[in-house]
Amino acid sequence: MPTILITGANRGIGLELAKRYAAAGWVVIACCRKPKEARALAAIRGEVEIRTLDVAKPASIARLKAALGKRPIDLLLNNAGVYGQRGGFGRTDPKDFLATIQVNSLAPLLLAEALLPNLMKGGMKKIASITSKMGSIGDGPGGGGYAYRASKTALNMVMANAAAELKGKGISVVVLHPGWVQTDMGGRNAPVKVGDSAAGIMRVIDGLTPAQSGRFFNYDGSTIPW
Ligand SMILES: NC(=O)c1ccc[n+]([C@@H]2O[C@H](COP(=O)([O-])OP(=O)(O)OC[C@H]3O[C@@H](n4cnc5c(N)ncnc54)[C@H](OP(=O)(O)O)[C@@H]3O)[C@@H](O)[C@H]2O)c1
């Protein structure tokens, strides 16, 4: 049975992915900040292990790494994310901007670095990170969401760069836009249901070949410009 480690698994897209991977027979290492409050996660049937992880804290990443030891992991799914301040030009809060970068851009890299030995032992050797089309420069930024947009653009570069470096180790690295999804972050007016987003993300990751490493995918399998 393959093993997935997913961050931010207590709600939204992460929770739905945890449910679906567990239903598909995977061992799910479901990470969240407050396991005791993760009732929906605890209710999932299947092989789900709930682990504490605050991705913004390098010490928390180190504790998780120590707890996992040399255990093989087939797929690392960096999902946890924050939107940060919503104001436009002229309203930037430096603290919020850096905190958003910490969670959305730096943490996925630190986690991938920490868990590289585990991924090397896994059969699938895949790292997938949930980015956003809002981080695409080629798609045409429409204003606002400076911290979020910049953090996802940085995440895209981090993962494209890691894809180039890890190619020789047989590890495939991609970033995926989940659609505009009905979650706490996406809001009620979002057009994409969380189940459809998660199903699409799983389909893309499932079909991922080493030749596709380093790409920016939409949840429907199409490619998004950088
Ligand atoms: N929804 C959309 O329309 C949309 C569109 C494009 C991209 N995305 C991306 O998709 C991913 C999931 O988003 P979502 O819509 O499911 O958002 P969500 O409903 O707001 O859930 C965010 C998840 O990230 C976790 N998280 C935040 N900061 C964390 C930290 N420091 N350590 C560990 N976990 C942390 C949250 O945990 P807590 O409960 O502890 O806060 C929660 O589980 C994010 O990367 C987001 O940027 C979403």
Side-chain angles (χ1 to χ4, degrees), residues 5-18 29-41 50-64 76-115 127-137 139 141-159 162 174-190 192 194 197-198 201 216 218-219 224:
L5 186 144
I6 177 161
T7 63
N10 57 307
R11 60 187 168 99
I13 297 166
L15 175 65
E16 186 67 23
L17 286 165
I29 303 174
C31 300
C32 60
R33 287 195 273 201
K34 296 178 181 162
K36 280 186 192 152
E37 294 172 19
R39 281 176 282 279
L41 192 52
I50 305 179
R51 300 253 177 197
T52 307
L53 176 65
D54 183 337
V55 300
K57 298 185 175 150
S60 181
I61 294 176
R63 277 193 293 276
L64 176 72
L76 166 61
L77 215 164
N78 288 305
N79 163 77
V82 289
Y83 194 87
Q85 196 183 35
R86 289 193 184 251
F89 191 87
R91 304 174 73 103
T92 302
D93 172 354
K95 234 174 141 180
D96 173 85
F97 193 102
L98 293 174
T100 305
I101 295 273
Q102 175 95 34
V103 171
N104 293 356
S105 334
L106 178 58
L109 174 61
L110 293 179
L111 202 56
E113 287 178 344
L115 300 182
I127 301 173
S129 301
I130 306 300
T131 184
S132 172
K133 213 156 83 165
M134 288 184 73
S136 165
I137 294 173
D139 194 53
Y146 279 83
Y148 187 71
R149 287 181 185 279
S151 71
K152 293 299 192 183
T153 310
L155 171 66
N156 291 351
M157 174 52 89
V158 158
M159 290 300 158
V174 289
V175 291
L176 286 133
H177 170 62
W180 178 17
V181 190
Q182 287 167 17
T183 62
D184 292 340
M185 187 185 289
R188 269 193 228 141
N189 294 331
V192 181
V194 71
S197 173
I201 289 167
F216 182 178
N218 194 9
Y219 76 105
I224 294 176

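Looking at S151, its side chain never comes within 3.5 Å of a backbone N or O of S105 through a donor-acceptor pair. Using modelled atom types, one side-chain atom of W180 and one backbone atom of G186 make a donor-acceptor pair closer than 3.5 Å. Side-chain N or O atoms of D96 include none that pairs as donor or acceptor with a backbone N or O of G84 at under 3.5 Å. At least one donor-acceptor pair under 3.5 Å links the side chain of N104 to the backbone N or O of V82. Checked by atom type and distance alone, the side chain of S197 pairs as donor or acceptor with a backbone atom of P178 at under 3.5 Å. Judged purely by atom type and a 3.5 angstrom limit, T52 has no side-chain atom pairing as donor or acceptor with the backbone of R33. Judged by distance alone, the side chain of Q85 and the main-chain N or O of A147 form no donor-acceptor pair under 3.5 Å.
Contact record, I61 with A107: CD1-O, 4.3 Å, taken as the closest heavy-atom pair. Taking each heavy atom of A190 and Q182 in turn, the nearest pair found is O-NE2, 3.0 Å. Closest approach of C32 and I50 over heavy atoms only: SG-CG2, 4.0 Å. Counting all heavy atoms, side chain and backbone alike, P141 lies closest to R149 at CA-NH1, 3.7 Å. Listed here is the closest heavy atom pair of A56 and P58: O-CD, 3.5 Å. Residues V103 and G81 approach most closely at CG1-CA, 4.0 Å, considering heavy atoms.
In this structure, CG in N78 is found 8.5 Å from CD1 in I130, a value given to the nearest 0.5 Å. Atom OH of Y148 and atom CZ of R86 lie 9.0 Å apart (nearest 0.5 Å). Separation of atoms NE2 (H177) and CZ (F216) is listed at 7.5 Å; rounding is to 0.5 Å. Here R188 contributes atom CZ and T183 contributes atom OG1; the two are 12.5 Å apart, rounded to the nearest 0.5 Å. Here the CG atom belonging to N218 is positioned 9.5 Å from the CD1 atom belonging to I201, to the nearest 0.5 angstrom. Rounding to the nearest 0.5 Å places CG of L176 at 7.5 Å from CG of L77.
Contact check for T131 versus I224: no side-chain heavy atoms found under the 4.5 Å cut-off. Side chains of K34 and N10 form no contact here, defined as non-hydrogen atoms less than 4.5 Å apart. Side-chain atoms of L106 and V158, non-hydrogen and from C-beta on, never get closer than 4.5 Å to each other. The shortest distance between side-chain heavy atoms of Y219 and V181 does not fall below 4.5 Å.
Within 6.0 Å of CG on L98 lie more than 12 heavy atoms contributed by other residues, nucleotides or ligands.
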Can you check side chain to side chain contact (heavy atoms under 4.5 Å, CB included) on L15 and V194, steps first, answer last? CA-CA 9 Å; L15 175 65; V194 71; over 6 Å; no
